[in-house]
There are 2 protein chains.
Amino acid sequence: MSHTVGVRQAQKQKTRQALLDAGLRLLEEQSLSSLGLREVTRLVGVAPAAFYRHFRDMADLGVALVEEALGSLHGMIRAILAEQDGDEERIEGTVDAVAQHVRAYPAHVRFIARERHGGVRPVREAIAAELGRFVDEVAAAFAVQLVADGWSAEDIRMLAELYVDHMVMTAAAFLEAAPDRTAAADTVSTAEGSAAVDAEAADRAAAEVEARIAATACSQLRIISLGRRHWRDA
Amino acid sequence: MSHTVGVRQAQKQKTRQALLDAGLRLLEEQSLSSLGLREVTRLVGVAPAAFYRHFRDMADLGVALVEEALGSLHGMIRAILAEQDGDEERIEGTVDAVAQHVRAYPAHVRFIARERHGGVRPVREAIAAELGRFVDEVAAAFAVQLVADGWSAEDIRMLAELYVDHMVMTAAAFLEAAPDRTAAADTVSTAEGSAAVDAEAADRAAAEVEARIAATACSQLRIISLGRRHWRDA
DNA sequence: TCATTCAGTAAACAGCCGTTCTCTCACTTT
DNA sequence: AAAGTGAGAGAACGGCTGTTTACTGAATGA
């Protein structure tokens, strides 16, 4: 068979991924600057010292998580920019893609939103750099049409920043609407099935909130889109 | 003399304020979920147990900080909304007010940006609630004119949300541009005055970045403003 | 004036933390 | 088949954490 890159390295990367997964899981309920090394290794089932075989410290693991989290986002952005329909379809497609991404990778999105302005500098800088690349990508896609309309390069980038920031904002808003599985059943349950009923009700309520957020985000994108179309008048 | 509300209570509130100040200072380089009780009391010069005379736990102190931080913002919003000039003056006045506020209360702004999506639920909720009140305020100010133009209540709120979110985004951007006093002089200094020269150069560079952020924010507000004016056409 | 209240102290507690050793032993290379 | 490598184990370290306890003594109100 071909070069299987070694059983050794495969096991190592498996452990490394387990550390990343455990970290991401624990970060759903705290921030990176309070995440402990022992906490992570304990969840993986590995000795504390093993951590140092993969990361120098927690900030290092955080930076690795940034790459993982924004790597998955890259595909989403490309899918959105590839759409060739009219303005309205594009807007709804964008918001839909964001909603879908939040549903698929809630922990990644939460991590980015939380650590974007968080207490660990290297992680903040990594996120800023990666989001900057997104802005470049969006700007490049816009440039195709806008340069012909007489837009300057810096105005195009300004617009791209507005779109990217709005996407991050929308993603964070969707996250807050997501059902809270941590919520304890502190109400007195009278029947065995009431918990399931409550969960269903909560799901329906969350779906409503989600739809409202999507509608708001679409309207806001429509406003921005309108402004873009009338930009040259000034 | 009149009722001086007691020397006792005055001293207590003085200590309480010292705890809040110390907490805010320590939070410039970490997030709330990693801020320790002993850390705060040590900086104030008070026994650890004294903390419990003022706050139940760190989350409680965090909520108190939210009220303090967004209380000062309230005045700024009112000042912005009070402006009665034309659209362009209004936009520049808004961005200017935000920049001024960030310069005056950088720690407050950093705290809000950091903990808005941070790891402590009660604090997140307190910030969300307070920002919601800001949206209401902005929406009410907009309603005066927009209702006459045929805007629905929920569209007005949608627009207000866009403005408030954009203001928070802009404030966070200004914060990143602020000079980093923590930055160590890791370059080899050849003369005694070079540190001061470096600091001056850094200040000038920061001012440039700040101006660029302000220009971008103004343009983005212009886009939104344009979109608002053409909203009824759809 | 005297009893009361209560902000802040000091000490002790068990428990967790990051980091550093030395060691083992399965895999890899020669 | 032998030598080398390196991921992970296990134990130990000093230091820091939140919380509780019993206490002091100055401001308070009758």
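Rounding to whole angstrom units, CD of residue B/Glu39 and C1' of D/dC16 are separated by 10 Å. As a whole-Å value, the separation of B/Gln17 CD from C/dG8 C1' is 18 Å. Protein atom CZ of B/Phe51 is 9 Å distant from nucleotide atom P of D/dT19, rounded to whole Å. Rounded to whole angstrom, the span from the CG atom of A/Asp60 across to the P atom of C/dG18 amounts to 15 Å. Computed from coordinates, the A/Arg53 CZ to C/dC23 C1' distance equals 11 Å when rounded to whole Å. Look at CG on B/Leu26: it is 15 Å from P on D/dC16, rounded to the nearest Å. Between the CD atom of B/Gln13 and the C1' atom of D/dA27 there is a distance of 16 Å, given to the nearest Å. Regarding A/Arg38, its CZ atom lies at a distance of 10 Å from the C1' atom of D/dA12, rounded to whole Å.
Out of C/dT28, C/dG18, D/dA9, the shortest distance to the side chain of A/Leu37 is found at C/dG18. For A/Val46, the listed nucleotide lying nearest its side chain is D/dG8; candidates were D/dG8, C/dT19, D/dA27. Distance from the side chain of B/Val7 is smallest to D/dA27 among C/dC27, D/dG18, D/dA27.
Within 4.0 Å of B/Arg56, counting heavy atoms only, lies no atom of the nucleic acid at all.
Looking at B/Val95 and B/Phe174, their side chains come closer than 4.5 Å, going by heavy atoms from C-beta outward. With a 4.5 Å cut-off on side-chain heavy atoms, B/Leu162 and A/His166 count as touching.
Using bins of under 30°, 30° to 60° and over 60° for the plane-to-plane angle, the ring pair A/Phe51/A/Phe55 lands in the tilted bin. Ring-plane geometry between A/His101 and A/Tyr105 is classed as tilted, the angle between the planes lying from 30 to 60 degrees on a 0 to 90 degree scale.
Phosphate proximity of C/dC17 to A/Arg42: present, with a side-chain N or O under 4.0 Å from OP1 or OP2. Checking the phosphate oxygens (OP1, OP2) of C/dT19, a side-chain nitrogen or oxygen of A/Tyr52 falls inside 4.0 Å. For the pair A/Thr15 and D/dG8, the criterion of a side-chain N or O lying under 4.0 Å from OP1 or OP2 is met.
Taking for each of B/Met58 and A/Gly45 the nucleotide of DNA chain D with the nearest heavy atom, the 5'-most of the two is the partner of A/Gly45.
Axis orientation changes by 10° from one end of the helix from C/dT1-D/dA30 to C/dA12-D/dT19 to the other, with each end axis drawn from 5 pairs and the value rounded to 10°.
With hydrogens and angles disregarded, no donor-acceptor distance shorter than 3.5 Å links the side chain of B/Arg124 to the backbone of A/Glu176.
Taking a cutoff of 4.0 Å between a charged side-chain nitrogen and a carboxylate oxygen, B/Glu208 and B/Arg204 do not qualify as a salt bridge. Checked for salt-bridge contact, B/Arg78 and B/Glu137 meet the test: a charged N lies under 4.0 Å from a carboxylate O.
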